[in-house]
Amino acid sequence: MIFKNDKERGEFLDDYRNEQNGWYLWKEDDDINRKMWRRDLPDCALIVEEQRITYRWPAEHVAWAVAHWYIITDWEAPFADGQASRSQALAKLKEYRGRSI
């Protein structure tokens with residue numbers, strides 16, 4: 001997969017539940033209502049942590065929402081050290097310009 005621009009990179013990040021793009025459900029904990037989706041890249045892993053949350057407005061409903069992004073480059077370091085933002089994940093994808101991930 002090679003991205004032409006930031007729009008394509010952003011769409012790829014927003015589509016993190018799509019296993020056809022290489023993302024997969026890495027961890028799931030029903031006790032604390034968390035899921036972690038992972039996409040392995042040549043030199044790191046992108047991870048999206050979702051939490052199940054009840055929204056009260058405009059009408060009460062339960063949904064999954066992104067809680068945190070992670071870019072893991074060193075699996076020996078504490079996991080929380082890899083906490084990042086979506087913007088940082090987008091910048092990481094830019095490093096692969098012209099190369100397939």
Side-chain angles (χ1 to χ4, degrees):
M1 175 174 285
I2 297 176
F3 303 106
K4 296 176 190 161
N5 53 46
D6 282 350
K7 181 179 182 230
E8 288 184 0
R9 290 179 191 95
E11 288 170 353
F12 172 78
L13 293 175
D14 293 340
D15 197 23
Y16 60 84
R17 292 182 186 139
N18 185 347
E19 294 182 1
Q20 293 178 347
N21 284 337
W23 290 93
Y24 59 96
L25 183 60
W26 180 49
K27 298 195 180 281
E28 184 173 16
D29 189 326
D30 292 332
D31 293 330
I32 60 171
N33 294 303
R34 299 283 173 136
K35 291 181 183 179
M36 292 185 146
W37 297 87
R38 177 173 162 177
R39 177 54 155 90
D40 296 318
L41 300 176
D43 64 344
C44 70
L46 298 179
I47 297 171
V48 179
E49 180 182 6
E50 288 184 312
Q51 64 185 359
R52 190 169 177 261
I53 186 167
T54 302
Y55 292 98
R56 307 275 182 225
W57 191 89
E60 187 170 310
H61 65 283
V62 176
W64 288 94
V66 173
H68 301 286
W69 285 85
Y70 298 91
I71 300 172
I72 305 298
T73 57
D74 178 5
W75 290 98
E76 304 285 322
F79 185 79
D81 289 359
Q83 190 167 340
S85 67
R86 183 184 177 279
S87 296
Q88 289 171 302
L90 185 82
K92 186 66 178 172
L93 289 178
K94 281 185 178 182
E95 294 177 14
Y96 299 99
R97 260 187 266 228
R99 296 186 298 160
S100 182
I101 60 166

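Cys44 has its side chain out of reach of Ile72: every pair of non-hydrogen atoms, C-beta onward, lies at least 4.5 Å apart. At least one side-chain heavy atom of Lys35 sits less than 4.5 Å from a side-chain heavy atom of Leu25. Residues Tyr96 and Leu41 form a side-chain contact, since some pair of their non-hydrogen atoms from C-beta on lies under 4.5 Å apart. Between Met36 and Glu28 there is no side-chain heavy-atom pair separated by less than 4.5 Å. Looking at heavy atoms from C-beta onward, Thr54 lies in side-chain contact with Arg56 at the 4.5 angstrom threshold. Counting heavy atoms from C-beta on, the side chains of Val62 and Arg52 come closer than 4.5 Å. Inter-residue side-chain proximity for Arg17 and Val48 is flagged as unmet; no heavy-atom pair is nearer than 4.5 Å. Counting heavy atoms from C-beta on, the side chains of Arg34 and Glu49 come closer than 4.5 Å.
With respect to the salt-bridge test (charged N to carboxylate O, under 4.0 angstrom), the residues Asp43 and Lys92 qualify.
Atoms CH2 and CG, on Trp37 and Asp15 in that order, are 10.5 Å from each other to the nearest 0.5 Å.
In this structure, Tyr55 belongs to a hydrophobic cluster whose other members, linked by side-chain heavy atoms under 4.5 Å apart, are Ile53.
Side-chain N or O atoms of Arg99 include one that pairs as donor or acceptor with a backbone N or O of Glu95 at under 3.5 Å. Remark: side-chain polar atoms of Arg39 are paired, donor with acceptor, to backbone N or O of Asn21 under 3.5 angstrom.
Under the side chain to side chain contact (heavy atoms under 4.5 Å, CB included) criterion, Ile2 pairs with Ser100, not counting sequence neighbours. In terms of the ring-ring contact (aromatic ring centres under 6.0 Å, His included) criterion, residue partners of Trp23 (sequence neighbours excluded) are, by chain and number, Phe12.
The two residues Glu8 and Lys4 have their closest heavy-atom pair at OE1-N, 2.8 Å. The two residues His61 and Trp57 have their closest heavy-atom pair at CE1-O, 4.1 Å. The two residues Phe3 and Ile101 come nearest to each other via the heavy atoms CE1-CD1, 3.6 Å. Between Gly10 and Leu90 the shortest heavy-atom distance is N-CD1, 3.6 Å.
If you check the side chains of Asp40 and Tyr24, you find a donor sitting under 3.5 Å from an acceptor.
Two different hydrophobic clusters hold Ile47 and Leu13 under the rule that ILVMFWY side chains link at heavy-atom gaps under 4.5 Å.
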Give the C-alpha distance, both sets of side-chain angles, the deciding distance and a yes or no for side chain to side chain donor-acceptor pair (under 3.5 Å) between Trp69 and Gln88. CA-CA 9 Å; Trp69 285 85; Gln88 289 171 302; over 6 Å; no
